*Asks:* 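I'd like to ask you about the structure that follows.
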Protein chains: 2
Amino acid sequence: MAPAPRADNRLPLVLDAAARLFAEKGYGATSMRDIAGAVGMLPGSLYYHFASKEELLVAVYEEGVRRIKAALAPALAQPGDPWQRLENACAAHLAGLLEGSDYGQVVIRVRPDDAPDVAPRLVALRDEYEHAFSRAIHDLPLPPRTDRRALRLMLLGALNWSQTWYRPGKDSPQALARRFVRLLRDPMEP
Amino acid sequence: MAPAPRADNRLPLVLDAAARLFAEKGYGATSMRDIAGAVGMLPGSLYYHFASKEELLVAVYEEGVRRIKAALAPALAQPGDPWQRLENACAAHLAGLLEGSDYGQVVIRVRPDDAPDVAPRLVALRDEYEHAFSRAIHDLPLPPRTDRRALRLMLLGALNWSQTWYRPGKDSPQALARRFVRLLRDPMEP
DNA sequence: TCCCAAAACAAACAGTTGTTTGGTAGGATG
DNA sequence: CATCCTACCAAACAACTGTTTGTTTTGGGA
């Protein structure tokens, strides 16, 4: 049977702090002392909860994927216009990526090979998430022989890269998603 | 007058090694000892050429931007169909980003805030480069009120993010550029 | 050939890194 | 109330980091 956790368990706080710091400064620039200090613990104490820094990253990654998928689910479930569904999915993705919880930002910001020992698991988590997007694109009414894979890679790349240039307050994720999907959908000939 | 450099100057070798390592492992994961070792020098000797690790990164960045711009120039200069010109520009960008010299990869891979003291200069170098792309997009014959800024951000994001998933041999930069531009240009209604 | 500056060596510095080890306070459980 | 194991503390470890300092080698112009 599973061992009962105690009420004063600060593990969630540790995860939150790690997510915040990883999202802000990146994986490499964040030390175990930074994380421990942020929750008032000593560095060594973290190793009661996680076997290594890389395992801690995996835990944050897992929670991150879980949250983005949860934020995406309602958008993907709604019936009606497939283009509208895609736009909402993009908006949800952007929201979690740009202004949402730190967990989501970590999944996009931190490269799997920053933690070589666990890189395959991180890649798998990313893929698991991107797969959800595939469905939204599969449902689009498109001309025959349209390269749906390229479409997914292009759209997802554009969304993810927005973390580089996005500044809060100037654009909302909603408006951004709208603009991007429009550029794809509307005919470009004048 | 400028002091004459000597023939046995290994500075270019240092830059090449730094570019290679930064592109492969990232800035943070590459130590000065790694770079020095790659050219058979001692760590301290690097400080004859560069005041700091961050300044070394700036030098690589500068060379990277110089090369990408050079690769882009012929594509932008050629007359004829603006869409074709854009496609060629994308192909040139992708080539330098995915299979070209390590310098170009560094510009995309290494985040400016990895080196806080010189971050503004790195951002300026990036902007300087992206500006070249703006012209190619400005020349496109588009419907009125098309959001050209969003188009640039979307396309450039899609291209840059390709560094994440691209595997040599499966797609060529040329083919990729063609596919991306087509997705934008061709009407999506079936 | 002489000489100087360019270019690199040799060795250390102080600080930080992830991690380990042994001990211990205190909620939960009987 | 006695016990047990969770959850942490305290302190250190060895390795590695970017950087500095003083010294030596070496190529090229006079």
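Within every chain, numbering begins at 1; the chains are lettered A, B, ... in the order of the sequence lines, protein sequences first and strands thereafter. The shown structure was predicted, so the numbers you read here are calculated from the model rather than taken from an experiment.
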*Asks:* Rounded to the nearest Å, what distance is computed from the CG atom of residue B:L11 to the P atom of nucleotide C:dA7?
*Replies:*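 Rounded to the whole Å, the gap is 8 Å.
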*Asks:* Do any side-chain nitrogens or oxygens of A:S31 fall under 4.0 Å of OP1 or OP2 in C:dT16?
*Replies:*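 No, A:S31 has no side-chain N/O under 4.0 Å of OP1/OP2 on C:dT16.
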*Asks:* Which whole-number value in Å describes the distance from B:K25 NZ to D:dC16 P?
*Replies:*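 In whole Å, D:dC16 P and B:K25 NZ are 12 Å from each other.
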*Asks:* Name the atoms and distances for all side-chain donor-acceptor pairs under 3.5 Å in residues 147-154 of chain A, with sequence neighbours left out.
*Replies:*
from   : atom 1 : to     : atom 2 : distance (Å)
A:D147 : OD1    : A:R149 : N      : 3.2
A:D147 : OD1    : A:A150 : N      : 3.0
A:R148 : NE     : A:I137 : O      : 3.3
A:R148 : NH2    : A:L140 : O      : 2.5

*Asks:* Anything under 3.5 Å between a protein N or O and an N or O of nucleotides 9-13 of chain C, put it in a table, one pair a line.
*Replies:*
from  : atom 1 : to    : atom 2 : distance (Å)
C:dC9 : OP1    : B:G40 : O      : 3.4
C:dC9 : OP2    : B:L42 : N      : 3.0
C:dC9 : OP2    : B:S45 : OG     : 2.9

*Asks:* Whole angstroms only, please: what is the CD-P distance between B:E55 and D:dT19?
*Replies:*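 Atom CD in B:E55 sits about 10 Å away from atom P in D:dT19.
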*Asks:* Rounded to whole Å, how long is the line connecting atom CG of B:L57 with atom C1' of D:dG18?
*Replies:*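 Going from B:L57 (CG) to D:dG18 (C1'), I get 14 Å.
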*Asks:* Salt bridge check: are B:R67 and B:E63 linked by an N-O gap of less than 4.0 Å?
*Replies:*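 A salt bridge is present here (some side-chain N lies under 4.0 Å from a carboxylate O).
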*Asks:* Where does DNA chain D pair, written as one dot-bracket string 5' to 3', with Watson-Crick or G-U pairs under 3.5 Å, ( ) inside the strand, [ ] for crossing pairs and | for another strand?
*Replies:* |||||||||||||||||||||||||||||.
*Asks:* In this structure, which one of A:R66, A:K69, A:H93 forms a side-chain hydrogen bond (donor to acceptor under 3.5 Å, both in side chains) with A:Y129?
*Replies:*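 Result: among A:R66, A:K69, A:H93, A:H93 is the only option passing the side-chain hydrogen bond (donor to acceptor under 3.5 Å, both in side chains) with A:Y129.
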*Asks:* With rounding to the nearest 0.5 angstrom, report the CG to CZ distance, A:L72 to A:F133.
*Replies:*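 Between atom CG of A:L72 and atom CZ of A:F133 there are 6.0 Å.
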*Asks:* First locate atom CG of A:N160, then atom CG of B:N160, and finally report the distance between them rounded to the nearest 0.5 Å.
*Replies:*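 If I round to the nearest 0.5 Å, the distance is 12.0 Å.
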*Asks:* Considering just the side-chain nitrogens and oxygens of B:H49, establish if one lies under 4.0 Å of OP1 or OP2 belonging to C:dA6.
*Replies:*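 Indeed not, no polar side-chain atom of B:H49 lies that close.
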*Asks:* Mind checking side chain to side chain contact (heavy atoms under 4.5 Å, CB included) for B:D186 and listing every partner two or more places apart, or none if nothing turns up?
*Replies:*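 Applying side chain to side chain contact (heavy atoms under 4.5 Å, CB included) to B:D186 gives B:R182.
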*Asks:* What is the distance, to the nearest angstrom, from the NZ atom on A:K53 to the C1' atom on D:dC16?
*Replies:*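 Between C1' of D:dC16 and NZ of A:K53: 13 Å.
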*Asks:* Between D:dT17 atom P and B:L46 atom CG, what is the distance in whole Å?
*Replies:*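 The answer, rounded to whole Å, is 13 Å.
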*Asks:* Whole angstroms only, please: what is the OH-P distance between A:Y48 and C:dT21?
*Replies:*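 Atom OH in A:Y48 sits about 17 Å away from atom P in C:dT21.
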*Asks:* Considering residues at least two apart in sequence or located in another chain, which fulfil the salt bridge (Lys or Arg N to Asp or Glu O under 4.0 Å) criterion with B:E87?
*Replies:*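 For B:E87, the residues satisfying salt bridge (Lys or Arg N to Asp or Glu O under 4.0 Å) (neighbours in sequence not counted) are B:R178.
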*Asks:* Under a 3.5 Å threshold, yes or no: a donor from one side chain and an acceptor from the other, between A:Y61 and A:R126?
*Replies:*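 Yes - a donor-acceptor pair under 3.5 Å links their side chains.
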*Asks:* Side chain of B:N9 only, please: which of C:dA7, C:dG18, D:dT19 is the nearest?
*Replies:*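 Of all the options, the side chain of B:N9 is nearest to C:dA7.
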*Asks:* For a quick test of your reading: what N or O donor-acceptor pairs under 3.5 Å do the side chains of residues 114-125 of chain A make, sequence neighbours left out?
*Replies:*
from   : atom 1 : to    : atom 2 : distance (Å)
A:R121 : NH1    : A:E55 : OE2    : 3.0
A:R121 : NH2    : A:E55 : OE1    : 3.4

*Asks:* What's the CD-C1' distance between A:E54 and C:dT19, to the nearest Å?
*Replies:*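 It is 13 Å, rounded to the nearest whole Å.
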